[in-house]
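Accompanying notes for the structure given below.
Every chain is numbered from 1, with letters handed out A, B, ... down the list of sequences.
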Amino acid sequence: MRITRPRSPLEITWAVWRALFLREAVSRLSASRAAWLWLLFEPVVHVVFFMVIFGVIRQHTVGGVDGAMFIMTGVLGFFAFRNASARATNAVGANAALFAYRQVLPVDAVLVRAALEFVLLFFVAVIVLGGASVAGYEALPQDPLRVVQAGAGLWLVGVGAGLVFSVGVELVPEIGRFLDFFFNRSLYFASGIFFPPLGIPQPYRDWLMLNPLLHGVEAVRIGFFHQYQTTPDVDLGYLYGFALVTIFLGLALHARFALRLVTK
Amino acid sequence: MIRVEDVHKRYQTDHGPGKWILSGVSFSIPRSVSVGLIGRNGAGKSTLLRLIGGIDQPTRGRIDRQCRVSWPLGFAGGFQGSLTGRQNARFICRIHGHDDDLRERLDFIRDWAEIGAAFDEPVKTYSSGMRGRLNFAISLAFDFDVYLSDEVTAVGDAAFKKKAAETFRTLADRAGLIMVSHGEGTLREFCDAGIWLHEGRAHWFDDIADALRQYKESLPK
């Protein structure tokens, strides 16, 4: 009888991540016929929506930046957080069947989904901004490294939130409804997608600056446009610190409740 | 070697924790020994098999596998309905670390399952027989040291049953088996040792015949 060497935990995890990533990519892009099209159009639709509502912005600039590009950078920055956290939150329930294979852990599904969203958003951003640039907008980042730094920070907060809430919705399904509101409404409006924090009077601006996503979104804009005027309170350290804490908390929750998540 | 140490299991029901299905099960199965699990309906045979396969986790206690253990054959819960048979098979090959020879394994699975063009259709369109075939074919595509079988020969039509039984015989020669079956003939044919599950405890017998005798004596006359 041939004796096979058991694989090391690292080998298994790597194999699982690869397999999950490819699988998620297939089902994400082929879920419906126009899934990939919506992926590209969603940020554009948000921009158009605000352009219509604030028709004035078309002629004006915000903080020294063209109105459309102001919203576009805000939407893409916010999506780095929202896509990762919203998709990762549902990763455990959506992949429940896979935990039949003991190699696959709930935390794998969460991390892989978040990683896929990062890759997808990267391509979406390149295509959309490339298109805007061709159309004559000033859409190319002047300090790309700073944009990546801010975008990665927003994504990491998304990973942390996804880790925490993926355990949360499994243990207390009732919070799912609240989370949808939280991600898509409250944070959407509080993260400076369509307004500059400088336009908010004190003391409300300080309250708003408690939201780490606002720091990230503003940092994305600073990276895009040298001339962009914003509050000096923007602090990437705050964003990254928040990411560190939520990721740690999320991993701890996954370690603590690993058993509860796979057994029903 | 599979070592089961003081395993307890109960399921969560709508009215709080259910009754203990397994309470303090301990045994170890040496490599390449084939074992039959016997006991009455509800004695916890399938539960124990799922625990050994890692599909479910014990409430208390631990299970140590120092070899490659399959999932229970005939178990078809691990498919994603919206993906095709091929995509599901590919995923399972990948998590078991077979990226290099993916193509050959997929060919093997397609040929063995004999489900034709349905291999490239979503699994949700499959009949339960087709699911069973695909699942069985996938588990044959890997060299496990120990195969777990839960009434595997019970799915599919006559031709498939025959094929499955033959394959099973060759499997038993090269790997260990842990099987749940109500067929006495099947158990005697494939298994050396037996585990009799009774009232939440496991009793080990070196000879399957002794286990079967003990089991029959426990049945109400």
Determine all donor-acceptor pairs shorter than 3.5 Å in which one atom belongs to a side chain in residues 155-168 of chain A; sequence neighbours excluded.
{"unit_1": "A/W155", "atom_1": "NE1", "unit_2": "A/A114", "atom_2": "O", "d": "2.9"}
{"unit_1": "A/S166", "atom_1": "OG", "unit_2": "A/G162", "atom_2": "O", "d": "2.9"}
{"unit_1": "A/S166", "atom_1": "OG", "unit_2": "A/L163", "atom_2": "O", "d": "2.8"}
{"unit_1": "A/S166", "atom_1": "OG", "unit_2": "A/H254", "atom_2": "NE2", "d": "2.9"}

Counting only heavy atoms not in [X], do more than 12 fall under 6.0 Å of its [atom1]?
X: A/L37; atom1: CG; value: yes
X: A/W17; atom1: CH2; value: no
X: B/Y126; atom1: OH; value: yes
X: A/W14; atom1: CH2; value: no

Measure [X] against the heavy atoms of chain A and call it side chain, backbone, both or neither at under 4.5 Å.
X: B/R65; answer: side chain
X: B/P122; answer: neither
X: B/T84; answer: neither
X: B/Q57; answer: both

Query raised in the report: For B/F91, which of A/L98, A/V16, A/V26, A/L22 qualifies under side chain to side chain contact (heavy atoms under 4.5 Å, CB included)?
Result: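 The option that passes is A/L98.
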Query raised in the report: Excluding sequence neighbours, so at least two apart, what forms side-chain hydrogen bond (donor to acceptor under 3.5 Å, both in side chains) with B/R40?
Result: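 Applying side-chain hydrogen bond (donor to acceptor under 3.5 Å, both in side chains) to B/R40 gives none.
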Query - Region of A/A258 in contact with chain B, defined by heavy-atom distances below 4.5 Å - result: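 Neither the backbone nor the side chain of A/A258 comes within 4.5 Å of chain B.
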Requested in this report: Mind listing the closest non-hydrogen atom pair of A/A19 and B/R94 along with its distance?
Outcome: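 Result for this residue pair: CB-CB, 3.3 Å.
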Report task. Measure across A/A15 and B/I95 and return the closest heavy-atom pair with its distance rounded to 0.1 Å. Result ->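 For A/A15 versus B/I95, the nearest heavy atoms are CB-O, 4.1 Å.
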Report task. Just do the side-chain contact (heavy atoms from CB on, under 4.5 Å) check on B/Q87 and A/R23 with the steps written out, would you? Result -> CA-CA 8 Å; B/Q87 287 169 333; A/R23 174 196 183 105; over 6 Å; no
